[in-house]
Amino acid sequence: MQYDRIDARILEIVQRNNRLTSDVIGEMTGLSATACQRRLKRLRSQGIIEADVSLVSAKAVGRPIQMLVLVNLERERSDIIDRFKKAIKSSAEVVNGFYVTGDADFLLYITARSMEDYEQFTRQFFYRNSDIKGFKTMVIMDRVKAGFAVRIKGLAKD
């Protein structure tokens, strides 16, 4: 996947605010709105821009309990890993899921309405899954930083 310095600037801008119009982004990058739209379309089609999303406050939508959960599988076999990845993708409670190295096999970010709801979720999602050896829950006390912006190679500060 190739991108140039102007693409890098566009990526930096849309990571901070993806609601800006092509006119505004064009002004910030020295492009016409049409050229900016073409570049955005290409960046999306190449998978460099994976999604355009809004960060929603879990607390504001009635899911104030947030956890990071470390999950260990019984065995590291591809069929078990694939099954668990599928379970993660189909769970509304799991906001983010990562297949990781280290002491755990997966790291999950989960939200819940209450600890009682989370306990019910653990019974259904973890305890009923014979592929899971164990899990550890860390309750988030305060979200210090939230976002998905990554550093863009090709900018002056990189």
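For residues 8-31, no residue pair satisfies the ring pair (Phe, Tyr, Trp, His ring centres under 6.0 Å) rule, not counting sequence neighbours. Judged as a ring pair (Phe, Tyr, Trp, His ring centres under 6.0 Å), the pairs with a partner in residues 56-89 (not counting sequence neighbours) are, in order, Phe84-Phe106, Phe84-Phe125. For residues 44-58, the salt bridge (charged side-chain N to carboxylate O under 4.0 Å, His left out) pairs, not counting sequence neighbours, are Arg44-Asp52.
Under the side chain to side chain donor-acceptor pair (under 3.5 Å) criterion, Asp79 pairs with Arg77, not counting sequence neighbours. The side chain to side chain donor-acceptor pair (under 3.5 Å) check on Thr21 picks up nothing, with sequence neighbours excluded. Evaluation of the side chain to side chain donor-acceptor pair (under 3.5 Å) rule for Asp117 yields Arg113 as partners, not counting sequence neighbours. With sequence neighbours excluded, the residues satisfying side chain to side chain donor-acceptor pair (under 3.5 Å) with Arg123 are Glu119. Residues meeting the ring pair (Phe, Tyr, Trp, His ring centres under 6.0 Å) test with Tyr127, sequence neighbours left out: Phe135. Asp4 is linked by a salt bridge (Lys or Arg N to Asp or Glu O under 4.0 Å) to Arg39, counting only residues two or more places apart in sequence or in another chain.
Residue Val61 is found in a hydrophobic cluster whose other members, listed by chain and number, are Val56; membership requires side-chain heavy atoms under 4.5 Å apart, directly or through intermediates. Met141 belongs to no hydrophobic cluster with other residues, because no ILVMFWY side-chain heavy atom falls under 4.5 Å from its own, directly or through intermediates. Clustering of Ile, Leu, Val, Met, Phe, Trp and Tyr by side-chain heavy atoms under 4.5 Å joins Leu55 with Phe148.
Side-chain contact between Leu70 and Met138 is present, with heavy atoms from C-beta onward closer than 4.5 Å.
In this structure, Arg42 pairs ionically with Asp7, as a charged nitrogen and a carboxylate oxygen lie closer than 4.0 Å.
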